[in-house]
Novice: 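The following block contains the structure, expressed as structure tokens.
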Amino acid sequence: MLKQLITIDQELFGVDVQPVLTRPDPRFGDFATNVALQLAGKLGKNPREVAETVAEHLRQTGKFAEVTVAGPGFINLRLSDRALLEMASTEPAKTRAGQTVVIETNNPNPFKAMHIGHAFNAILADTIANLLEESGAATYRVSYHGDVGLHVGKSMYALLHYVENQPERLQEVPEAERSSLMSRMYAEGAKAYKENEAAKAAIDLLTKQSFVRDNPVYAAVYDMVFDWSFEQIAKNVKRLGNKPTRQRFLESEADVRGVKIVRDNVPKVFQESNGAVVFKGSEHGSFDNAFVTSGGQGLYAARDLGLMQLKNEQYHPSKSYIVTAEEQRDYFKGVIAAAGLCFPELKDVTVNIPTGTVKLTTGKMSSRDGDVVEIGWLFDQVAEAIRVRGGEVTEAIVAGALRYAFLKVRIGGDVVFDINESVSIQGNSGPYLQYAHARACSILDKAKREQPTTEERVHFEDGERSLVLKISECSEVIEKATGELLPHYVCTYLYELAQEFNRFYEHNKVIGHEREALRLQLVALYRDTLAYGLRLLGIIAPEKM
RNA sequence: GCACCCGUAGCUCAGUGGAUUAGAGUAGCUGGCUUCGAACCAGUUGGUCGCAAGUUCGAAUCUUGCCGGGUGUACCA
């Protein structure tokens with residue numbers, strides 16, 4: 001349709017423009033274009049006259065039921081009912097076939113409990129992965145975790161005090177209490193590091209230990225809590241509806257090669273400064289940052305370089321996505337710039353997607369002070385809300401509510417999380433969509449008949465047409481969401497779709513009506529579209545609830 | 001200080017160059033279940049789109065300057 005417009009414009013006026021097809025208010029048409037306004041500007045002609053000329057040519061193609069000119073020079077197009085139904089039944093194109101992408105879909109650090117912020121990023125990343133995968137790209141979900149470094153030193157400091165030289169004590173800790181114990185231990189270590197010089201010195205040593213782990217007690221405690229961490233992460237991530245990752249990367253694996261990359265690129269990319277090796281990120285929209293300490297130890301940034309090399313060797317991705325909190329925005333600008341200088345072939349491969357901070361209305365959430373909202377608590381809150389509402393609590397609905405609450409807002413801004421209201425189960429929420437799906441299933445189940453065959457002549461009544469028009473938007477919405485890496489477009493669309501259906505349902509009888517065959521076909525099409533969209537969001541579409 | 005992000009209804013957010021009336025949810029008020037599932041639908045109250053200039057046929061949307069909030073600013077991750 002777009003191609004036709006371009007051709008007509010070029011034939012008529014010999015001018016190159018970028019016509020845009022939009023979805024206007026349905027009373028104007030199915031589609032609208034502003035070409036005439038763009039053309040008029042370039043040609044110095046009256047926009048309405050240009051619009052009339054273009055409209056006349058579009059009418060002559062015979063592909064539209066209605067072509068009108070409105071306002072300052074918009075051209076509104078209406079498809080025939082038959083063409084609209086065909087469009088609504090068309091699946092999105094695999095526009096990224098042949099491409100390979102790698103994306104980190106969860107990276108909570110071990111030795112800490114997973115909190116809301118981790119869940120937020122994990123859900124966003126996994127959903128972006130779904131979109132990329134659906135568009136045909138070979139998509140590899142990976143994870144990356146900080147198993148070495150200062151935060152480990154802090155946790156180990158408190159943990160070693162806790163076990164008092166008897167690592168087997170940890171075996172007595174019940175599974176349900178492990179997360180909060182890890183949070184507590186980390187908070188204790190962090191506090192000691194800040195307030196106590198002796199503790200700071202001890203923690204610095206314990207940090208170095210995290211790289212070698214040659215002390216038996218240290219190693220025993222480390223291994224035990226390391227395992228706890230990943231059991232907890234795996235459990236939570238699965239509960240949230242994320243797909244499993246293909247590979248887990250650890251900072252310890254990336255460290256040595258990261259440091260080597262840095263050293264190999266002195267002085268071309270990095271400079272020595274006060275004994276440390278730094279990158280002048282300030283020349284690349286970032287800030288000057290140390291990659292290797294004056295003591296020769298690799299830092300986070302060096303490991304990120306090593307990780308990029310590892311990912312490239314294993315997957316050769318055309319794009320590699322890292323979803324992080326916005327605090328790391330400038331940091332990643334620097335690391336990515338440095339990577340581009342060290343490996344020209346990796347320039348523009350790695351993309352950081354900063355997500356904004358999850359904040360609580362009750363105040364700041366700080367992992368450092370141990371003031372975090374753990375995920376288990378969040379699951380319980382949602383379950384309670386459903387119970388209060390009188391519904392049956394299922395994992396699918398709890399996860400759907402949580403996931404949707406995080407996905408429906410545009411990526412980038414801060415997310416203010418009201419612990420009492422944010423995870424809603426009515427209105428624009430996951431359960432609303434799930435309910436709208438279950439309803440459609442129920443109708444189709446009751447009808448007990450196979451899909452009716454399409455009649456030769458299709459003519460919709462108003463309510464039917466609105467529903468089909470909305471269904472027909474699906475492909476373009478998903479392509480837009482994938483192109484811009486913004487899953488919330490899908491949420492907004494599915495919500496509008498479900499609303500349209502609920503209206504239809506309210507006002508139009510399906511079973512027993514003389515138009516039953518056609519309406520059942522529409523309900524089935526709607527049900528499939530909604531289920532498809534929910535699947536991309538990682539939300540289960542239940543047949544009953 | 002400098003850089004980046006944000007500011008839309010009481011609250012949480014869509015809309016980021018286009019259509020006489022800026023949309024949802026939620027909260028408040030009102031109506032709708034003997035009728036395919038009321039976790040639903042319909043109606044109603046609520047906004048000088050932070051402020052001010054500019055660009056444009058047209059600005060919540062672009063530019064500039066202010067005001068307010070947040071984040072970052074090398075040996076943490």
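Basis for what follows: all heavy atoms, side chains included, without hydrogens, waters or symmetry-related copies. Convention: sequence-line order gives letters A, B, ...; per-chain numbering from 1.
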Novice: Using the P atom as the reference point in each nucleotide, state the distance between B/G7 and B/C62 in Å, no decimals.
Specialist: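 Straight-line distance between the two P atoms is 10 Å.
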Novice: Give the nucleotide from the list B/A19, B/A14, B/C4 with an atom nearest to the side chain of A/R329.
Specialist: B/C4
Novice: A/F28 stacking on B/A19: centroids under 5.5 Å, ring planes under 30°?
Specialist: yes
Novice: Is there aromatic stacking of A/F74 on B/A19 here, judged by a ring-centre distance under 5.5 Å and a plane angle under 30°?
Specialist: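 Given the distance and angle limits, yes, they stack.
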Novice: Tell me whether the OP1 or OP2 atom of B/A24 has a side-chain N or O from A/N428 closer than 4.0 Å.
Specialist: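 Checking A/N428 against B/A24: no side-chain N or O falls below 4.0 Å of OP1 or OP2.
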Novice: Just compare B/G70, B/G37, B/A24 and give me whichever is closest to any side-chain atom of A/E326.
Specialist: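 Of all the options, the side chain of A/E326 is nearest to B/G70.
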Novice: For nucleotides B/U35 and B/U44, find the distance between their C1' atoms and express it as a whole number of Å.
Specialist: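 To the nearest whole Å, 27 Å.
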Novice: Say you draw a straight line from CE of A/M114 to CG of A/L378; how long is it, rounded to the nearest 0.5 Å?
Specialist: 10.5 Å
Novice: Can you figure out which of B/U21, B/C41, B/C75 approaches the side chain of A/R27 most closely?
Specialist: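 Closest of the options to the side chain of A/R27: B/U21.
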Novice: Look at the side-chain N and O atoms of A/S442 and state whether any lies under 4.0 Å from the OP1 or OP2 oxygen of B/G37.
Specialist: yes
Novice: Does B/A77 have its OP1 or OP2 closer than 4.0 Å to a side-chain nitrogen or oxygen of A/R303?
Specialist: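 True: A/R303 side-chain N/O within range (under 4.0 Å) of B/A77 OP1/OP2.
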Novice: Ring centres of A/F501 and A/Y526 under 6.0 Å apart?
Specialist: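 Between A/F501 and A/Y526, the centre distance is under 6.0 Å.
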Novice: Between B/A42, B/U26, B/C75, which one does the side chain of A/L299 approach most closely?
Specialist: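 For A/L299, the side-chain atoms sit closest to B/C75.
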Novice: Which nucleotide wins on minimum distance to the side chain of A/T293, given the candidates B/G37, B/C75, B/G32?
Specialist: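 Nearest to the side-chain atoms of A/T293, counting from C-beta on, is B/C75.
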Novice: Of all the nucleotides listed (B/C41, B/C75, B/A39), which has the minimum atom distance to the side chain of A/M545?
Specialist: B/A39
Novice: B/U21 and B/A59: how far apart are their P atoms, nearest whole angstrom?
Specialist: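 After rounding to an integer number of Å, I get 14 Å for this pair.
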Novice: Report yes or no: is the cationic atom of A/R439 (NZ for Lys, CZ for Arg) closer than 6.0 Å to the six-membered ring centre of A/Y505, at no more than 45° off its axis?
Specialist: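 The answer is yes, since A/R439 meets both limits relative to A/Y505.
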Novice: When rounded to the nearest Å, what value does the distance between P atoms of B/A9 and B/G15 take?
Specialist: 15 Å
Novice: Using a heavy-atom cut-off of under 4.0 Å over every strand shown, decide if A/D304 touches base, sugar-phosphate, or nothing.
Specialist: nothing
Novice: Using heavy atoms to find the nearest nucleotide of RNA chain B for A/S273 and A/R439 separately, return the residue whose nucleotide is more 5′.
Specialist: A/R439
Novice: Between B/U26 and B/G37, how far is it from one P atom to the other, in whole Å?
Specialist: 23 Å
Novice: Whole angstroms only, please: what is the NE2-P distance between A/H437 and B/C36?
Specialist: 20 Å
Novice: Quantified in whole Å, what is the C1' atom distance between nucleotide B/G50 and nucleotide B/A77?
Specialist: 35 Å
Novice: Could you tell me how far B/U30 sits from B/U48 if I compare only their C1' atoms? Round to whole Å.
Specialist: 30 Å
Novice: Picking from B/G25, B/C40, B/A19, which would you name as closest to the side chain of A/A32?
Specialist: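 Ranking B/G25, B/C40, B/A19 by closest atom to the A/A32 side chain puts B/A19 first.
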Novice: Could you say whether A/Y300 or A/T22 is positioned toward the 5' end of RNA chain B, judged by the nucleotide with the nearest heavy atom to each?
Specialist: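 Going by which nucleotide is closer to the 5' end, it is A/T22.
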Novice: Nearest whole angstrom, please: distance from the P of B/C75 to the CG of A/D204.
Specialist: 13 Å
Novice: Looking at B/G15, I'd like to know if its phosphate oxygens (OP1 or OP2) sit under 4.0 Å from a side-chain N or O belonging to A/R410.
Specialist: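 For B/G15, OP1/OP2 do have a side-chain N/O of A/R410 under 4.0 Å.
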Novice: If you only use heavy atoms from C-beta on, which nucleotide in B/A39, B/C36, B/A77 is closest to the side chain of A/Y505?
Specialist: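 Nearest listed nucleotide: B/C36.
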Novice: Return no unless some side-chain N or O of A/K112 is found under 4.0 Å from OP1 or OP2 of B/A77.
Specialist: no
Novice: Using the P atom as the point on both nucleotides, what is the distance between B/A42 and B/C4, in whole Å?
Specialist: 45 Å
Novice: Return the nearest nucleotide to the side chain of A/Y495; candidates are B/A74, B/G25, B/G72.
Specialist: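 Closest nucleotide to the A/Y495 side chain: B/G25.
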Novice: Ignoring backbone atoms, establish whether A/Y432 has a side-chain N or O less than 4.0 Å from OP1 or OP2 of B/C41.
Specialist: yes
Novice: Start with the C-alpha gap between A/E464 and A/R515, add the side-chain angles, then the distance that decides, and say whether salt bridge (charged side-chain N to carboxylate O under 4.0 Å, His left out) holds.
Specialist: CA-CA 10 Å; A/E464 298 163 352; A/R515 300 175 68 80; 2.8 Å; yes
Novice: Select one nucleotide: of B/C40, B/C4, B/C75, the one nearest the side-chain heavy atoms of A/S294.
Specialist: B/C75
